[in-house]
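Comments concern the structure below.
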Protein chains: 2
Amino acid sequence: MANSVDSIYGQVREMAANFEFKPEERINESALSKALGASRTPLREALNRLVAEGLLYAQDGKGFFCRSLSPEKILHLYELREAIETHAGRLAVARASDDELRELRDYLKSSQNEYVPGTPPHRLAEMDEGFHMRVVGLAHNPELVRALQNIYVQIRYVRLIAIRNKLDLTHTAHSGILEALMDRNADLVTQRLADHVRTSNEEATQTVRQAYSQLYVPS
Amino acid sequence: MANSVDSIYGQVREMAANFEFKPEERINESALSKALGASRTPLREALNRLVAEGLLYAQDGKGFFCRSLSPEKILHLYELREAIETHAGRLAVARASDDELRELRDYLKSSQNEYVPGTPPHRLAEMDEGFHMRVVGLAHNPELVRALQNIYVQIRYVRLIAIRNKLDLTHTAHSGILEALMDRNADLVTQRLADHVRTSNEEATQTVRQAYSQLYVPS
DNA sequence: GTGTTCCAAGCTGTATACAGCATGTGATGC
DNA sequence: GCATCACATGCTGTATACAGCTTGGAACAC
């Protein structure tokens, strides 16, 4: 598994997630493969995986292109996220052991002192993602985790921008979700997750809208 | 888009969905590429897409293998399906136009006379899938559709076996879902979709369990 | 008969070659 | 100045070559 395709796949996936390719930009296979120290063959295999994941798209005869993020697409991804996370929350209430919930509490506690101004955004996003992935992990369902990971990769870039200045709110929301989980209150877990995801969605959508407006309104 | 990779991808996807490869079977690239009239290069690109979709998996140095379906995996996929379909149902209540709902009603009506003994299972599965995809389409969210399509491909084989003799029940359930949609009753839509998916899940899980037991109990 | 070793056949993973098409540039006509 | 067209460059899509590894089986020892 430490072969070339997997390695390239991971690297290009990160590049695509972070929009190191511009939206709609064509990916030059020769240049990228050279930059990654491989030939076009394994690169193209990795690119095809990323097409299947929705991070890139392919046009016959033209090559591979970076996806773009419209406000609508962000909305759609967040709706899918809400569907998965709320359902996972319900399952977690039924399936998570007390030990697992205590681990989640410890994770939240240990990250509490990092939810302060000065923490770099990528770290904030990482902690946020870490919490959510752990919650969904408590549903003991790898397919839910898998689907959610795919979404997070796609929205990571926007979250990274939108997450600034939301420190307290995020941590408070997470604490509320944990509390509802420990109370084994499925309805409350669902509601709080839904509220939290919707809030994030509004921030993210607004972020993309602003980015769009900046594109079309020259300075 | 009518190039070799896309064509091969579609064909191999069907083969994998229908388990024309046996679970855990290694895929012989040379043989398959010859059978499809192409070389190994585009075949491998298609196979990598299918790995990303979860229909196959890859082991470094060993090649590509067909997935297997355990009862647990079926359960997990159906839980994901329930999460997506119920959430889509709620959105559909808010977003579907009256015209769209009438189209759904007409679709259901036109397929009614095919829900009878004698209709081939693949046709039944197709109609069932058609109804569900249309419902989710009413949410006006391509990401939900996309995620669900991925699930349907993975469970199609099991549904094909489990669907026999469930004719009336399926159609009745669909009618109930349509009715709740036309009443714009989100809670009822959610509940009926959840019930319907869970029933299917139980049938599918039982099907796989039986297949498993047949594997290990020699005749 | 059973377990082990070794080998050959065959397969995978990657690089490279090449035909054909897309694209941008410069020349040309108006 | 502007649009158009032709062309050359460069890129994609696919086939093929080949090194290295996996694997199944034969030979062999016990």
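In what follows, every chain begins at residue 1, and chains take the letters A, B, ... in the order their sequences are listed. Nothing here was measured: the structure is a model prediction, and the numbers come from that model. Computed over heavy atoms, backbone and side chain alike; hydrogens, waters and symmetry mates excluded.
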Considering heavy-atom distances to DNA chain C, does A:Phe65 or A:Ala38 have its closest nucleotide positioned more toward the 5' end? A:Ala38

Using a 4.0 Å heavy-atom cut-off, does B:Leu43 contact any base of the nucleic acid, only the sugar-phosphate backbone, or nothing at all? nothing

Could you check whether B:Arg40 gets within reach of a base, just the sugar-phosphate, or nothing at all, counting any heavy atom under 4.0 Å? base

Please confirm whether the shortest side-chain N or O distance from A:Asn28 to OP1 or OP2 of D:dC11 is below 4.0 Å. yes

Looking only at side chains, do B:Thr207 and B:Glu203 share a donor and an acceptor under 3.5 Å apart? no

If each of A:Arg26 and B:Gly63 is mapped to the nucleotide of DNA chain C with the nearest heavy atom, which maps nearer the 5' terminus, i.e. the 5' end? B:Gly63

Specify the separation, in whole Å, of atom CD of B:Glu29 and atom P of C:dC11. 10 Å

Can you see whether A:Ser33 engages A:Arg40 through a side-chain donor-acceptor pair at a distance of less than 3.5 angstrom? no

Electrostatic pair A:Asp99:A:Arg102 at N-O distance under 4.0 angstrom: yes

Quick one: B:Arg44 CZ to D:dT16 C1', roughly how many Å, whole number? 14 Å

What is the distance from CG of A:Leu32 to C1' of D:dC11, rounded to the nearest Å? 14 Å

Taking the six-membered ring for Trp and the single ring otherwise, decide whether the centroids of A:His174 and A:His132 are under 6.0 Å apart. yes

Report which part of the nucleic acid A:Leu47 touches: base, sugar-phosphate, or nothing (heavy-atom distance under 4.0 Å, all strands). nothing

Is there, by distance only and without an angle test, a donor paired with an acceptor across the side chain of A:Thr41 and the base of C:dT16 below 3.5 Å? yes

I want to verify a distance call: between D:dG13, D:dT14, C:dT14, whose nearest atom is closest to the A:Glu45 side chain? C:dT14

With a 4.0 Å cutoff (strictly under), does any side-chain N or O of B:Ser39 reach OP1 or OP2 of D:dA15? yes

